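Structure record follows, encoded as structure tokens.
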Amino acid sequence: DKLRTFPKERFLFGPSPVQRLPRLTAHLGGAQVWAKREDCNSGLAFGGNKVRKLEYVVADALLQDADTLVSIGGVQSNHTRAVTACAAATGLKAVTLQEAWVPYSPPLYDKTGNILLSRLMGGDVRLNSEGFHIGPKASLDVAIRELHEKGAKPYWIPAGASLHPLGALGFVDFVVELAEQETALGLFFDTIVVCSVTGSSHAGIVVGAVLEGKGRKIIGIDASGKPKNTKEQVTNIARNTLALLDPAASLPENAVVLDERFHAGIYGIPDEQTKAAMRLGAQLEAFITDPVYEGKSLAGLIHLVQSREISPTSKVLYVHLGGQPALNAYSDQF
Ligand code: PLP
């Protein structure tokens with residue numbers, strides 16, 4: 001109920017679809033596999049997990065009278081595309097810093113896919129050569145100073161909207177929405193598999209599951225290549241979000257599970273296991289995933305079901321968080 005008190009923009013079509021994957025289920029020969037499709041959640045520039053998070057974050061920006069959303073990501077960031085999309089749809093401007101987080105630059109990497117969409121939507125896209133780190137960023141200081149000098153009112157959104165106090169609320173919503181869909185379908189997903197990198201999608205689902213108290217198991221699949229940091233970040237975000245919603249609640253030990261076997265050793269680059277999972281989903285179900293995020297979490301799902309680490313009597317929900325626009329920038333992998 002506390003969740004309903006936070007101001008929220010409406011960027012989604014409504015509840016995102018929940019879908020059976022019968023051919024994948026039959027192929028894997030274990031648990032029944034379903035998906036909830038955040039990649040089809042919105043009409044704003046192909047949607048995805050960030051659009052759900054930004055319903056709360058952009059509402060806060062509007063309350064603060066901001067006129068320019070400022071954010072950061074890699075060259076093929078889905079997040080900066082989603083920030084630019086939500087800005088366009090709200091009449092705001094967007095400045096996005098696009099850094100060299102991935103040591104990969106095939107032809108057109110900085111011209112196609114997500115970054116093309118941001119340019120098309122009128123985003124102020126600023127490429128720079130910084131690698132991934134969480135220290136101070138000169139490019140960010142320059143952008144904010146420039147905006148202030150112009151009399152603009154910038155609003156800063158951290159990477160993935162994750163280290164934003166409201167960043168995980170959208171994925172607490174996700175669990176509330178899912179529970180309504182389960183009631184309508186007459187079933188219950190005892191296990192949820194979700195990709196985790198900046199952490200607030202995973203953390204929001206963990207908090208949603210803790211608050212509903214039905215004992216679901218949430219399995220995060222690391223795609224950051226730095227699972228120790230990611231697990232710490234997910235845990236911190238989950239604690240802070242839980243405190244925001246129910247100060248009396250505490251995060252149970254072991255609520256944050258992060259499987260480290262599928263990240264291919266590095267953020268942003270697929271390995272053979274990633275690509276095999278992408279091909280399997282595409283060829284059995286026309287279920288399209290990207291090589292940076294969902295291909296890795298799909299590899300995790302496939303292994304967990306096939307090996308029966310997830311019980312064959314389970315109903316498992318794979319959360320498809322989006323990200324397909326990046327595929328075009330990775331055509332040389334296929
Ligand atoms: N899947 C896609 C398509 C993404 O764009 C992201 C963004 O980082 C993730 C998964 C990971 O989500 P989060 O950053 O909330 O951990």
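Both ligands and their constituent atoms are indexed starting at 1 by order of listing. When a residue number appears, it is its place in the shown sequence, counting from 1. Note that this is a predicted model, so its numbers are computed, not measured.
Within the 4.0 Å heavy-atom criterion, neither part of His79 lies near ligand 1.
Of the options Ile205, Asn49, Thr230, the smallest heavy-atom separation from atom 12 (O) of ligand 1 is shown by Asn49. Looking at Lys50, Arg81, His320, it is Lys50 that brings a heavy atom closest to atom 6 (C) of ligand 1.
Between the side chains of Tyr330 and Tyr109, at least one donor N or O lies within less than 3.5 Å of an accepting N or O. With no hydrogens or angles considered, no side-chain donor-acceptor pair links Asp67 and Tyr155 at under 3.5 Å.
The shortest side-chain heavy-atom distance between Leu298 and Tyr318 falls under the 4.5 Å cut-off.
The pair Lys36-Glu177 meets the salt-bridge criterion, with a side-chain N (NZ, NE, NH1 or NH2) lying under 4.0 Å from an Asp/Glu carboxylate O. The pair Arg10-Glu55 does not meet the salt-bridge criterion, since no charged nitrogen lies less than 4.0 angstrom from a carboxylate oxygen.
Of the N or O atoms in Val197, one or more lie within a sub-3.5 Å distance of an N or O in ligand 1. Here's the thing with Thr198: one of its N/O atoms is less than 3.5 angstrom from an N/O atom of ligand 1.
Of all atoms in ligand 1, listed by their number and element, those nearer than 4.0 Å to a heavy atom of Asn78 are 3 (C), 4 (C), 5 (O).
Within the structure, the closest approach of Gly160 to ligand 1 does not fall below 4.0 Å when heavy atoms are considered.
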